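Have a look at the structure below, then the notes.
In this chain, numbering begins with 1 at the start of the sequence shown. As the structure is a prediction and not an experimental result, all values here were calculated from the model.
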Amino acid sequence: MHLRQLRYFVTIARLRHFANAAAECGVSQPTLSAGLSALEQDVGHRLVERDRRFVGLTAQGEAMLPWAEQILGAVASMTSSVAARSAQITGEFSLAAIPAALPLAGLFGEALLAAHPGLTLAVRSATSREIERALNAFECDAGLTYLDHEPPGNVLSVALHAERYLFVARADSALGMLAEIGWEEAARQPLCLLHQGMQFRRILDTRMRAQGLAITPRVVADSYVTLFDLVRSGGFCTIVPDTYASLLSGLDWAQFVPLADSEPPRRIGLVVVNRVPLSPMAGAALAVARGLAPE
């Protein structure tokens, strides 16, 4: 059994496409297929169902996948640890962030790269559930996510921000003139919101139900950019985390109105998997986050 065979298998399982997996692994499709067949011979079981294309993992493949991910992750962490003993930490740091936390990526990324000039940073947007899976599968080094609502398990965390809600309307509308807006009034407006697969929306729905309210948005989307463009069009309002207020301050058409809220804010922070030993990347991320954490 060779590491490259495990890498082929894990990449196929993630991408669910042989040609795309071969391209990511930098080999031809016949080479990847031959490596997968050799791996199946070594373990004595068929791992991938295929009929000219990827169909799915077999029961044996599903059982093997988390172990293969851990083996590849452990090898990468081992290599990084060895390199860190003799020189500065180098390589690509992979950060996954929920959309509500993306405005914090710049602050964290700038501090990380300043502390470790040998690193480059790759940031991607992901749901909280995708971040938990990616951390356990060694597909990212750290995540930025909620710490109080549906928190990932088995992680070390550092709180970086206390999030509150903001209502967004056109600045030239009557709603844009308000100093504060109540939940009931906000719920009556033509809203565009994230869809319910996004954690911020699930938290918002829970908060509304606690007020005895229900919201039925006219439009749902999977990005804040879309929501802001819908508000800019003049026909909609939205509710967003306050992290976007400073990011978009100065827009002449947008007014961010605080929502009257007596509930405690929700914490957003950095998370890494709680493993022993801790990888150099994870250790570097925790140290940087602790230096940024509000007192």
Side-chain angles (χ1 to χ4, degrees), residues 1-51 53-85 89 91-98 122 124 126-145 150-157 270-286:
M1 186 181 301
H2 299 280
L3 288 176
R4 68 175 180 276
Q5 295 169 351
L6 291 177
R7 187 167 292 108
Y8 296 165
F9 169 62
V10 169
T11 306
I12 291 168
R14 174 166 51 85
L15 298 181
R16 305 179 67 83
H17 192 282
F18 281 92
N20 293 345
E24 182 167 310
C25 292
V27 297
S28 67
Q29 190 168 335
T31 297
L32 181 134
S33 297
L36 177 61
S37 296
L39 179 62
E40 291 176 326
Q41 290 178 5
D42 285 341
V43 300
H45 293 282
R46 193 172 182 85
L47 301 174
V48 176
E49 293 288 359
R50 51 199 185 272
D51 181 14
R53 61 182 180 83
F54 180 91
V55 176
L57 297 183
T58 65
Q60 292 80 11
E62 293 284 0
M64 182 170 169
L65 180 59
W67 294 101
E69 291 172 334
Q70 289 185 51
I71 290 168
L72 292 175
V75 169
S77 295
M78 177 186 68
T79 303
S80 179
S81 295
V82 171
R85 292 295 181 177
I89 301 175
E92 182 179 271
F93 185 99
S94 176
L95 177 69
I98 59 172
R124 64 184 175 95
T127 67
S128 57
R129 291 165 181 167
E130 289 170 343
I131 290 173
E132 183 171 15
R133 189 202 64 78
L135 285 170
N136 288 312
F138 293 88
E139 291 176 5
C140 67
D141 297 300
L144 290 173
T145 188
E150 300 176 9
N154 190 37
V155 296
L156 301 174
S157 64
L270 181 115
V271 294
V272 300
V273 172
N274 186 11
R275 292 190 179 101
V276 178
L278 200 64
S279 74
M281 294 287 199
L286 285 176

Find the distance between NE2 (H2) and CG (L39) and round it off to the nearest 0.5 Å.
10.0 Å

Give the C-alpha distance, both sets of side-chain angles, the deciding distance and a yes or no for side-chain contact (heavy atoms from CB on, under 4.5 Å) between L47 and L57.
CA-CA 6 Å; L47 301 174; L57 297 183; 5.8 Å; no

Got a donor-acceptor contact below 3.5 angstrom from the N136 side chain to the E132 backbone?
yes

Listed by chain and number, what are the salt bridge (charged side-chain N to carboxylate O under 4.0 Å, His left out) partners of R4, not counting sequence neighbours?
none

Go through the structure and list residues passing side-chain contact (heavy atoms from CB on, under 4.5 Å) with T11, not counting sequence neighbours.
R7, R14, L15, A21, E24, C25

Check against side-chain contact (heavy atoms from CB on, under 4.5 Å), V48 and T58
CA-CA 6 Å; V48 176; T58 65; over 6 Å; no

Looking only at heavy atoms, which two atoms of G143 and I131 are closest? And how far apart?
CA-CG2, 4.0 Å

Partners of A282 by side-chain contact (heavy atoms from CB on, under 4.5 Å), sequence neighbours excluded?
V272, L278, S279

Check the pair R133 / E139 against side-chain contact (heavy atoms from CB on, under 4.5 Å), numbers first and verdict last.
CA-CA 8 Å; R133 189 202 64 78; E139 291 176 5; 2.5 Å; yes

Shortest non-hydrogen contact from L32 to F18?
CD2-CD2, 3.6 Å

Residues pairing under salt bridge (Lys or Arg N to Asp or Glu O under 4.0 Å) where one sits in residues 26-37, two or more places apart or in two chains, turn out to be none

So do the side chains of F9 and L36 get within less than 4.5 Å of each other, counting heavy atoms only?
yes

So CG of L65 and CD1 of I12: to nearest 0.5 Å the spacing works out to 11.0 Å

Determine the minimum heavy-atom distance between F138 and E69, stating which atoms define it.
CD1-O, 3.3 Å

Can you check whether A38's main-chain N or O pairs, donor with acceptor, with Q41's side chain at less than 3.5 Å?
no

Who passes salt bridge (charged side-chain N to carboxylate O under 4.0 Å, His left out) against E62, sequence neighbours left out?
none

Backbone N or O of A19 within a donor-acceptor pair of the H17 side chain at under 3.5 Å?
yes

Taking all heavy atoms of Y8 and all of G35, pick out the closest pair and write down the distance.
CD1-CA, 4.0 Å

With distance as the sole test, does T31 use its side chain to make a donor-acceptor pair with the main-chain N or O of V27 at under 3.5 Å?
no

Stepwise side-chain contact (heavy atoms from CB on, under 4.5 Å) check, L270 with L144
CA-CA 5 Å; L270 181 115; L144 290 173; 4.1 Å; yes

Minimum heavy-atom distance A68-V10, with the two atoms named:
CB-CG2, 3.7 Å

Which residue pairs pass the salt bridge (Lys or Arg N to Asp or Glu O under 4.0 Å) test when at least one of the two sits in residues 28-41, sequence neighbours left out?
E40-R50

M281 backbone acceptor or donor facing D141 side chain under 3.5 Å
no

Just verifying a value: how many Å separate E130 CD and I98 CD1, rounded to the nearest 0.5 Å?
11.5 Å

Rounded to the nearest 0.5 angstrom, the SG-CG distance for C140 and L135 is 4.0 Å

Flag, side chain of S157 to backbone of V271, donor-acceptor distance under 3.5 Å
no

